[in-house]
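Predicted model, so just to flag it, every value in this text is computed and none were measured. FYI, side chains are in, hydrogens and waters are out, and symmetry mates aren't considered; it's all heavy atoms of this structure.
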Amino acid sequence: VREVLLERGLEPQGDEAQTPRKVSFYLSDEERLPEIERALDDAGLRRRLIWSHGRFLDLLPHRAGKGSAIRYLATKWGLDPKRIAVAGDSGNDREMLTARFPGIVVGNHAPELEDLRGKRGVRFVSEPHARGVLQGLQELGFVDGDLST
């Protein structure tokens, strides 16, 4: 994966962003994503590609991801997916937000999540950060009471 991306002139993020199961590069041009996908396909590399914040490109194993992890734990522990809420603010949360859980997109979200507006099960809220999570949880009926304080 690294070799394919380096051949296309992508700059790797620093060592602190790399892990044994994730490679991270900089990519500010979203238009290049199809080219990168094709190159990885041509090389026979199965992966999950995540573009976020308009400049970060992460590649994970094809079955990895936040939504996959939550689905696995919900099944393992016998939890009702309708009673699990997820919240996010950028492209690295997309897979989780579009899984079978009620999703909250906070007010300070990155533009790459705008296409989720109106999607079933995804709720956009006005408040940013943790206040947005609380707003979403209240609107979804997960918590009661006034959260304005």
Gap separating the [atom1] atom of [X] from the [atom2] atom of [Y], nearest 0.5 angstrom:
X      : Y      : atom1 : atom2 : result
Phe25  : Ile36  : CZ    : CD1   : 9.5 Å
Glu3   : Glu7   : CD    : CD    : 5.0 Å
Phe56  : Gln13  : CZ    : CD    : 5.5 Å
Arg117 : Arg123 : CZ    : CZ    : 12.0 Å
Leu57  : Asn92  : CG    : CG    : 11.5 Å

Return the set of residues passing side chain to side chain donor-acceptor pair (under 3.5 Å) with Thr75 (not counting sequence neighbours), or none when no residue passes. none
With heavy-atom distances below 4.5 Å as the criterion, would you say the side chains of [X] and [Y] are in contact?
X      : Y      : answer
Lys66  : Asp93  : yes
Pro12  : Val23  : no
Pro128 : Val106 : no
Leu134 : Glu127 : no

Can you pull the side chain to side chain donor-acceptor pair (under 3.5 Å) pairs that have at least one residue in residues 95-112, sequence neighbours excluded? Ser68-Glu95, Arg71-Glu95, Asn108-His129, His109-Glu114
Sorted by first residue and then second, give each side chain to side chain donor-acceptor pair (under 3.5 Å) pair with at least one member in residues 48-64; sequence neighbours left out. Ser24-Asp58, Arg46-His62, His53-Ser90
Applying salt bridge (charged side-chain N to carboxylate O under 4.0 Å, His left out), can you list everything that pairs with Asp115, at least two apart in sequence or on another chain? Arg94
Under a single-linkage definition using a 4.5 Å side-chain heavy-atom cutoff for Ile, Leu, Val, Met, Phe, Trp and Tyr, are [X] and [Y] assigned to the same hydrophobic cluster?
X     : Y     : value
Tyr26 : Leu10 : no
Val4  : Leu27 : yes
Leu45 : Leu49 : yes

Any pair counted as salt bridge (charged side-chain N to carboxylate O under 4.0 Å, His left out), so long as it reaches residues 16-32, sequence neighbours left out: Arg32-Glu35
Quick check against the 3.5 Å criterion: does Gln135 have a side-chain atom that pairs as donor or acceptor with the backbone of Val125? no
Show which residues join Leu79 in its hydrophobic cluster (side-chain heavy-atom contacts under 4.5 Å, direct or indirect), or state none. Ile70, Tyr72, Leu73, Trp77, Ile84, Val86, Met96, Leu97, Phe101, Val105, Leu113, Leu116, Val122, Phe124
Where Leu140 and Ala85 come nearest, the two heavy atoms and their spacing: CD1-CB, 4.4 Å
Please test Ile50 against Leu59 for side chain to side chain contact (heavy atoms under 4.5 Å, CB included), starting from the C-alpha separation and ending with a verdict. CA-CA 6 Å; Ile50 301 169; Leu59 288 95; over 6 Å; no
